[in-house]
Structure formats: C-alpha cells, structure tokens
Amino acid sequence: MSRSNKRLSKTFFSNKTTLELAQALLGKVLVHKSPAGVIKGIINETEAYSQDEESCHAFGGKRSKRNEVMFWRAGHLYVYFTYGMHYCINIVTGEPDRAEAVLIRSVLPLEGQDIMLLNRKGRQKNLADGPAKLAMAYGFGKAHNGVDLLDGASVIYLEDQGYKPEEITQTERIGISKAKDLPWRFVCRKCIQ
DNA sequence: TACGCGATCGTG
DNA sequence: ACGATCGCGTAT
C-alpha cells in the first residue's frame, strides 16, 4: 500500500495532557478487527474527562468495579454501560492511578460500513455519530472493557493514516449535569488526508 | 435490600 | 419533548 498506516504506540500518549490528547485523537483512525470483519472510522468528536472534575465517573479518585480501567496506564479502552441499554468507549489517557480519559463521541466511517450497518440493525444513516451509536456500530460491549490498544496483538487499536482535522471547534461537553462549564469537547467536521 | 439516576438514542 | 431500560453508587 502506498500510504503508511502507522499503528499508534506508547509514544503517542507520552508527554501529552488529556486535553491535548482529546485534540490529537481527532483524525486518528479507530480500528476493530471484529469477528465479522475489519471496521475503521476517523475520529471526529471527543470529550476529555478527569478525576478532578465532578462529571467524571471517577471524581475524587474514587475507584470502583465500574471505573477501575480509568486508573490504568494510558492506551487502555474503558467501556461503560449506561441508560440501561447503551455502551460507550473512552481511551484512557492519564498516568497510572490517575483517572483521565477521552470519550470517543463520533467517527466518520471509513471501512467496513457493511458490518456497521448490520451491527446497527439496518439503520441506513447516522451509523456512528454518537458515543453509543459508535459503540454499537463497532460491536463494542463489556467484553472489550480493559483492552490494551497498545498491545500489538490487540484487535482494537488506533492508526495514523495521515488525516488532519480541518477546523477544530471547542465547546462545552454534552449530556452532563455537573461541570458543564468546562470547554472540553472537540469536534471537527472534516478530516483531510 | 431499596432507590434514583444516568458521559444516550430514536421517535413523535 | 419523552420513554425505554438496568447497572451502579449511595443510602437504609
């Protein structure tokens, strides 16, 4: 292949704050080599979360069975279940024992749209433009909680295909009731290669 | 053991 | 604007 599809490794996460990573992840490709086939999408919406603010599942550094993975080394996948029916995914971004993560809210489908379509139960549009839609499209569930994206053998990982976000907008986070004021959401409409 | 509520989505 | 739907955290 003419493009170099670089699998992101530990160095991508080193020396970057969670806020910087939330922006740096825009344009990166989220890959799942699922049983049904390979699924790829370009990340185009993220939100940062930190144990220092109230909206975080691990506010105050409180560990629980649910949020345990948030305290792991950067590069792990934190999958949580919410509203009694939805899964959402985060990429852990903090130092070990510090809960920080980036919620992946949306991707632009790039490969495996046919599988996404099946996973989304035949919905034709808006395949992955929301955190729970994305998780469903990729076939993510509780089984994927704690997966290490930096493990070379992992079926879930990040790739740099050279896509650059065009016009990043920064806004307040969505769907939360606490710490609403923090502008920790990052969106880009397009990514250019 | 009991209760209230969500980092959402799809329909109306 | 609202209902679906249930695991988790917190309180009894």
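The model shown is predicted, which means the values in this text are computed figures rather than measured ones. In what follows, every chain begins at residue 1, and chains take the letters A, B, ... in the order their sequences are listed.
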Q: Round to the nearest Å and state the distance from A/Lys121 atom NZ to B/dC9 atom C1'.
A: 12 Å
Q. Which of parallel (below 30°), tilted (30 to 60°) and perpendicular (above 60°) describes A/His32 and A/His144?
A. perpendicular
Q: Could you check whether A/Asn90 gets within reach of a base, just the sugar-phosphate, or nothing at all, counting any heavy atom under 4.0 Å?
A: base
Q. Do the side chain of A/Arg173 and the main chain of A/Ala48 share a donor and acceptor less than 3.5 angstrom apart?
A. yes
Q: Would you mind reading off the distance between A/Gln124 atom CD and B/dG10 atom P, rounded to a whole angstrom?
A: 13 Å
Q | Under 3.5 Å on both distances, the Watson-Crick or G-U partner of C/dA4 | A | B/dT8
(Q) Students often get this wrong, so: under 4.0 angstrom with heavy atoms, is A/Arg120 touching a base, only sugar-phosphate, or nothing? (A) sugar-phosphate
(Q) Distance check needed: B/dG10 C1' versus A/Tyr83 OH, whole Å only. (A) 14 Å
Q) Quick one: how far along DNA chain C does chain A reach, first to last nucleotide 5' to 3', anything under 4.0 Å to a heavy atom? A) C/dA4 to C/dT10
Q. How long is the line joining CZ of A/Phe140 and C1' of B/dT8, in whole Å?
A. 18 Å
Q. Looking for any heavy atom pair under 4.0 Å, which part of the strands does A/Ile176 touch: base, sugar-phosphate only, or nothing?
A. sugar-phosphate
**Q.** Sugar-phosphate, base or nothing in reach of A/Met70, heavy atoms under 4.0 Å
**A.** base
(Q) Go through it in stages, so that I can follow the logic: the residues are A/Asp148 and A/Ser154, the test is side-chain hydrogen bond (donor to acceptor under 3.5 Å, both in side chains), and I'd like the CA-CA distance, side-chain angles, deciding distance and then a yes or no. (A) CA-CA 7 Å; A/Asp148 184 3; A/Ser154 174; over 6 Å; no
Q) Roughly how many Å is it from CG in A/Leu134 to C1' in B/dT8, rounded to a whole number? A) 13 Å
(Q) Does a side-chain N or O of A/Arg66 approach OP1 or OP2 of B/dG6 to a distance below 4.0 Å, or not? (A) no
Q: Would you please classify the geometry between the A/Phe140 ring and the A/Tyr138 ring as parallel, tilted or perpendicular, with 30° and 60° separating the classes?
A: parallel
Q. Can you tell me if A/Ser106 uses its side chain to pair, donor with acceptor, with the backbone of A/Asn44 under 3.5 Å?
A. no
Q.
Regarding A/Arg189 and A/Glu166, does a basic nitrogen lie under 4.0 Å from an acidic carboxylate oxygen?
A. no
(Q) So, OP1 or OP2 of B/dG10: does either fall under 4.0 Å of a side-chain N or O from A/Arg123? (A) yes
Q. To the nearest angstrom, how far is A/Leu103 atom CG from B/dG6 atom P?
A. 16 Å
Q | Gap between atoms NE2 and C1', on A/His86 and B/dC9 respectively (whole Å) | A | 4 Å
Q) What is the distance, rounded to the nearest whole Å, between atom CD of A/Glu54 and atom P of B/dC5? A) 16 Å
Q.
Taking only side-chain N and O atoms of A/Lys133, does any of them lie within less than 4.0 angstrom of OP1 or OP2 on B/dG10?
A. yes
Q | Interatomic spacing from CZ in A/Arg7 to CG in A/Asn5 - rounded to 0.5 Å | A | 12.0 Å
